[in-house]
Amino acid sequence: MTVRRPTILDVAAVAGVSKSTVSNVMREAAGVSADTRARVRAAVEQLGYRPNAAARNLVQRRTNLIGVVVWDLANAFDAELVKRLEQHAAAGGFTTVVANTGGHPELEASRIDALLEQRVDGIALLDFTGDRAVLSRLLADRVPVVMVSCWADYADWVAVDDQAGIDLAVEHLVGLGHERIGYVDQPTMEATSRRARLAAFERALERRGLPVRWLFSDAEPLPEGPTALVAANDHIAVRLMERLEAAGVGVPADVSLVGFDGIPVGALARIALTTVAQPADELARQAVALLRNRIDRGHAAAPEQRRLAPRLLVRGSTAPPRS
Amino acid sequence: VSNVLRGEGRVSDSTRGRVLEAIDVLGYRPNSLARDLVRRRSSTIGVVLGDLANTFYAELVKLLELRISEASYTTIVCNTDGHAELERARVEMLLERAVSGVVMLQFSGDGAVLDELRAAGVPAVVVSCWDHRTDCVAVDDASGMAAAVEHLYELGHRRIAHVSSHLVEDSTRAARYAGYEAAMRRHGLAPAALDFDAWPGPGDHTAFAAANDVIAVALIDALEAAGARVPDDASVVGFDGTDLGAHPRIGLTTVAQPRAALIAHGLELLSARLRGQEGPPRGVRLAGELVVRASTAAP
């Protein structure tokens, strides 16, 4: 079980140089002759020497680890964001450590503790339970944090423009002739986007003089009355489509349905979900850039906060109301 | 203090109490890097998978991460997109991070990766695909796929094609194809393997046994885009048993994998090695279950 790994001393002995010369070659520092460099490289190759990341990082005080805190990997949008974050992080030399919280505040706190014990250089919060204490402590401890598709006043974040997105959805339904429009979210949904999308929905209806009457969660019975529903995300929308149709309510024949996120499942012809698509790759790219900035520049700089524009994808789940 | 933190050595209860209280007051957090440096191991498990966007693997990772954290380890998840070179690079990175163990949810079969892990003394378990050179737990791919073919045969299908893609790792693809081929030969039928990456169209096949649910669902989409109805004009069976396939609009007949059991067995194999258990690689085969829904019918 315990195979002794070659150390820097073994490399130095084989190459006939000092330990610090090996270290200089590994760090690609200047001032080592080409001949010495070649001998060290040959010894590294021969022994299969791998510099110990923990030792190197202790000196550099960097781990090049980024913690990713995610709500629910079974939600396709979360999985997609994690995948893209990992790709952008890897391109910048960072490794991601994923922690799934399932939306439980206790788990959020304990997972973040575990990440901190790993001495991650920074944390990307894909979801945030809204427990201010967790975030405040991170910021007080000067842990670089970027929030992705959620936000707080005093942190760096990048998120889709929820208000514009919900407005696109309502505009589309009103354009089709719907006046009785309901809204469906989920109690366990990430808190900041949940509040923002709900508020945006209420404003969008009020601005158009439409009744704000059908606001419910997907744990509740389906409401009677609305001819169209906006779901707070695609995951909810796809399951809602299933519930509606199981109850004999056709989509879009009886009720039109709009989602939010743009997950691949919604693009299947059988599902054909009209949705407000988030720019997932751009969210991930900018999140990694913001986090790297914060890691490099420390805490003096003012928070950077970016809203990205969503896009309405019209598919088969919306139609004019039955007259 | 160090003894208290590591739960070692002779420390009186009152001393322990005082240390723990001070830790509480100061908000002291043990530096795991320094600790790992001493033990030359981290309390991290690396997880390597091909495609986090495939809901089957996303579900597996979620379960795995939960179980791993219950054992007070953290998880590093690496996505390879099904590229063997990326797989090697990611395993190399995990070794550099001195992970305690590696769980591979997809494995290309690259022997160099296994050699590297072995040389580093880091145990690995392959979960949901099969490799006799390392500890592994997988569904019985061949009999699962044979059950799918039997189901189609009983419905009256004779021109049944197998459909796979590059996102299915080689060993799994080979095993599932072997199960398909054996079942076809048993009935004296000619096997046909179609590549969904370069989809040639359905040809004269009336039924398709797809290598996984993601392919099956995309296949239904492609068939229907070309004007064929499923299951009226063509039947489709998947493999994995994802939530996606269970959606009534999809209604995918599939061979369901026992996800929780795969994870439980996989972590059991891994923790035995972490406890120092020696011996030849162990492989565990679990049975899949045919779930009949609406994507299959008589031709």
Side-chain angles (χ1 to χ4, degrees), chain A residues 1-5 48 50-58 63-65 67-68 70 72-76 78-80 82-84 86-87 90 95-100 102 107 110-111 113-119 137 141 238-239 241-242 245-246 251 263-265 267-272, chain B residues 27 29-37 40 42-44 47 51-55 57-59 61-62 65-66 69 72-79 81 86 89-90 92-98 116 118-121 123 217-218 220-221 224-225 243-244 247-251 273 276-278:
Chain A
M1 204 56 237
T2 43
V3 180
R4 190 173 99 60
R5 279 164 57 162
R50 184 180 300 116
N52 185 324
R56 198 178 54 209
N57 292 326
L58 205 60
T63 55
N64 291 329
L65 280 177
V68 177
V70 59
D72 184 7
L73 279 172
N75 177 329
D78 278 0
E80 167 110 15
V82 171
K83 179 177 159 174
R84 290 177 188 273
E86 202 227 335
Q87 286 166 350
T95 305
T96 47
V97 188
V98 178
N100 193 77
L107 271 184
S110 76
R111 293 308 163 76
D113 273 344
L115 292 175
L116 293 178
E117 232 202 87
Q118 292 279 313
R119 300 272 145 152
R137 194 165 55 83
D141 288 353
V238 170
R239 290 194 312 186
M241 183 183 281
E242 181 174 347
E245 298 193 333
V251 177
I263 62 174
V265 172
L268 293 169
R270 289 248 184 149
I271 306 290
Chain B
R29 188 176 291 120
N31 181 337
S32 78
L33 269 187
R35 200 180 56 202
D36 296 345
L37 213 54
R40 300 212 60 161
S42 74
S43 54
T44 305
V47 176
D51 187 9
L52 197 50
N54 176 334
T55 80
Y57 293 105
E59 276 282 343
V61 171
K62 186 180 161 182
E65 206 267 347
L66 192 67
S69 73
S72 300
Y73 283 82
T74 45
T75 312
I76 295 185
V77 177
C78 311
N79 200 70
D81 266 331
L86 269 183
R90 292 300 159 82
E92 177 75 21
M93 178 278 294
L94 290 173
L95 291 179
E96 228 191 82
R97 299 224 165 272
E116 189 124 14
R118 204 164 293 132
V217 170
I220 291 175
D221 210 52
E224 297 193 332
D243 296 343
L244 172 60
H247 196 284
R249 283 217 184 179
I250 309 286
R273 297 296 182 192
Q277 190 183 89
E278 309 268 348

Q) Can you tell if the side chain of B:E65 reaches within under 4.5 Å of the side chain of A:L73, non-hydrogen atoms only? A) no
Q | Shortest non-hydrogen contact from B:Q277 toward B:R273 | A | O-NH1, 3.1 Å
Q. Heavy-atom distance under 4.5 Å to chain B: side chain of A:A269, backbone, both or neither?
A. both
Q) So do B:V77 and A:V82 actually touch side chain to side chain, heavy atoms under 4.5 Å? A) no
Q: Salt-bridge test for B:D243 and A:R239: reply yes if a basic N is under 4.0 Å from a carboxylate O, no otherwise.
A: no
Q) In terms of heavy-atom proximity below 4.5 Å to chain B, should A:V238 be classed as side chain, backbone, both, or neither? A) both
(Q) Please give me the minimum heavy-atom distance between A:E86 and A:T96, naming the atom from each residue. (A) CG-OG1, 2.9 Å
Q: Return the option, out of A:I263, A:L115, A:V68, A:T95, with the maximum number of heavy-atom pairs under 4.5 Å with chain B.
A: A:T95
Q. Heavy-atom distance under 4.5 Å to chain B: side chain of A:A246, backbone, both or neither?
A. neither
**Q.** Contact origin within B:I220 toward chain A - heavy atom pairs under 4.5 Å
**A.** side chain
Q.
Using a 4.5 angstrom heavy-atom cutoff, name the option from B:T55, B:V217, B:I250 with the most pairs to chain A.
A. B:I250
